Protein chains: 2
Amino acid sequence: MAQDKETLILEVARKHFVQKGYAATRTQDIADEAGINKALLHYYFRSKEKLYHEITVRILDTILPRFAKALATEGTFWERLEVIVTSYVDLFQEQPDIPFFIMSELSQKQARFVEELKKRSHHFPAVQGFVLSMHQEMEAGNIRKLPPAQLMLNIMGMTVFPFIAKPIFCTVFEFSDNDFSTLMEERKDIIMNFLKAALKND
Amino acid sequence: MAQDKETLILEVARKHFVQKGYAATRTQDIADEAGINKALLHYYFRSKEKLYHEITVRILDTILPRFAKALATEGTFWERLEVIVTSYVDLFQEQPDIPFFIMSELSQKQARFVEELKKRSHHFPAVQGFVLSMHQEMEAGNIRKLPPAQLMLNIMGMTVFPFIAKPIFCTVFEFSDNDFSTLMEERKDIIMNFLKAALKND
DNA sequence: GCCATATTTAACCACAAAGTTAAACACTTT
DNA sequence: AAAGTGTTTAACTTTGTGGTTAAATATGGC
């Protein structure tokens with residue numbers, strides 16, 4: 001549970017906004033589920049818009065630093081890659097609704113959201129840094145050559161996609177939430193081995 | 001343009017619903033953009049809900065058969081895999097909004113949408129068929145062994161994810177729509193080569 | 001006991017959006 | 001010319017929802 005009503009509201013609101021999006025969320029529903037009334041919502045956050053903004057900001061502020069940190073780790077290429085993959089999987093295991101929310105925000109309010117993104121992240125440079133390290137590894141002949149953007153898509157696709165596709169995947173394969181969770185734990189190694197095999201230079 | 005007003009409405013409505021979701025879409029906006037009035041909307045479709053349903057049905061009816069066909073192709077494992085990857089990429093190149101829409105529907109109205117899915121598709125058996133063929137190939141020692149569900153996630157992740165992540169990807173890598181499109185064409189081969197290398201049995 | 005902050009109550013307003021209707025008009029077919 | 005279908009116009013009702021308010025009531029620290 002929550003310490004005070006204010007954070008309780010934030011928690012409930014977050015759940016609704018992330019699951020259903022802004023337009024489909026009723027402030028009344030948030031109030032009901034938090035066991036308070038609209039007047040208190042107004043008291044703390046003034047408006048639905050402000051509440052929503054507060055939530056996106058908080059999400060970005062928990063996610064982006066972890067992304068950046070993972071991308072900027074010191075070490076060999078393979079060490080860095082492993083940190084990235086495991087960090088992402090761990091993060092999404094904790095907060096499975098995040099990836100979908102981000103994608104959703106981005107595909108709608110692109111301009112505004114990208115602004116917010118740029119404002120509060122050293123994320124993009126971190127990506128560029130890792131891309132560079134991929135490139136160097138290719139030039140050094142340590143891994144097979146392919147366009148860095150494509151390799152990035154392969155890595156992110158294998159890592160992030162399962163969490164976005166979870167509902168359809170669990171339906172088709174008849175997996176429970178627990179099954180899925182253990183599959184994702186296994187997956188860290190699976191991805192690393194897959195990448196090692198795919199990138200081996202012969 | 002559209003032949004008659006009815007299909008024009010469907011086209012405009014589809015665009016709005018797919019981009020913004022049900023709740024954020026205004027019937028008035030649809031009417032305005034289609035150059036007609038709400039009365040005509042009502043004349044043809046009775047309600048927003050019915051119009052929306054009509055659209056999801058039409059989307060599923062164009063997508064699912066193509067999925068099923070790709071998954072059920074005859075041939076060797078690698079031939080089948082190539083058909084799947086290229087079919088998916090081609091489909092999403094034509095209709096880039098589809099993957100996100102499907103994921104979005106599924107993560108919200110799971111129960112109802114899955115019903116609709118099951119009702120109008122032989123998709124699931126097709127997936128099972130391909131999974132079986134993966135399994136046989138592993139048993140025969142032709143490709144490296146790994147849990148079929150994991151391999152499926154790798155394939156789908158690399159193939160589908162880029163289209164979902166397009167907005168963020170294009171932002172980070174400063175790609176235009178055209179850049180992205182050519183990248184996806186390249187990608188068919190990239191994915192196939194990546195898979196071949198990753199699955200090679202040594 | 002007093003004061004500040006938190007919280008409830010119970011209204012209420014304003015507005016946007018969906019849905020509805022009736023009448024008229026246009027166009028084509030018969 | 002009549003009939004049917006498509007389409008517009010212009011109103012209207014209804015409902016949902018966000019926002020607002022003022023007063024009353026707790027609650028806890030000083």
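Every chain is numbered from 1 and lettered A, B, ... according to where its sequence line falls, protein lines coming before strand lines. A quick note: this is a predicted structure, and the numbers were derived from the prediction, not measured.
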CG of B:Asn37 versus P of C:dC25: gap in Å, rounded?
16 Å
Distance in angstrom units between B:Lys5 NZ and C:dA26 C1', rounded
12 Å
Does a sphere of radius 6.0 Å around NZ in A:Lys196 hold more than 12 heavy atoms from other residues, nucleotides or ligands, not counting ones at 6.0 Å or beyond?
yes
Does B:Tyr43 make a side-chain N or O approach to OP1 or OP2 of D:dT7 shorter than 4.0 Å?
no
Within 45 degrees of the ring normal and closer than 6.0 Å to the centroid, is that where the cationic atom of B:Lys5 sits relative to B:Tyr44?
no
Distance-only side-chain donor-acceptor flag, A:Thr7 / A:Asp4, under 3.5 Å:
yes
Any salt bridge between A:Asp32 and A:Arg26, counting N to O under 4.0 Å?
no
Rounded distance (Å) that lies between atom P of D:dT5 and atom CD of B:Glu6:
14 Å
Reckon B:Tyr44 touches a base, only the sugar-phosphate, or nothing at all at heavy-atom distances under 4.0 Å?
sugar-phosphate
Quick tally for nucleotides 18-28 of chain D: nucleotides whose base has a protein heavy atom under 4.0 Å get B, sugar-phosphate-only ones S, the rest -, giving BBSB-------
From the set D:dG6, C:dA6, D:dT8, return the single nucleotide nearest to any side-chain atom of B:Ile36.
D:dT8
Can a side-chain donor-acceptor contact be found between A:Arg14 and A:Gln95 if the only test is distance below 3.5 angstrom?
yes
Does the pair A:Glu54/A:Arg58 count as a salt bridge with the N-to-O cut at 4.0 Å?
yes
Nearest-angstrom distance from the residue atom CG of B:Leu40 to P of C:dA23
20 Å
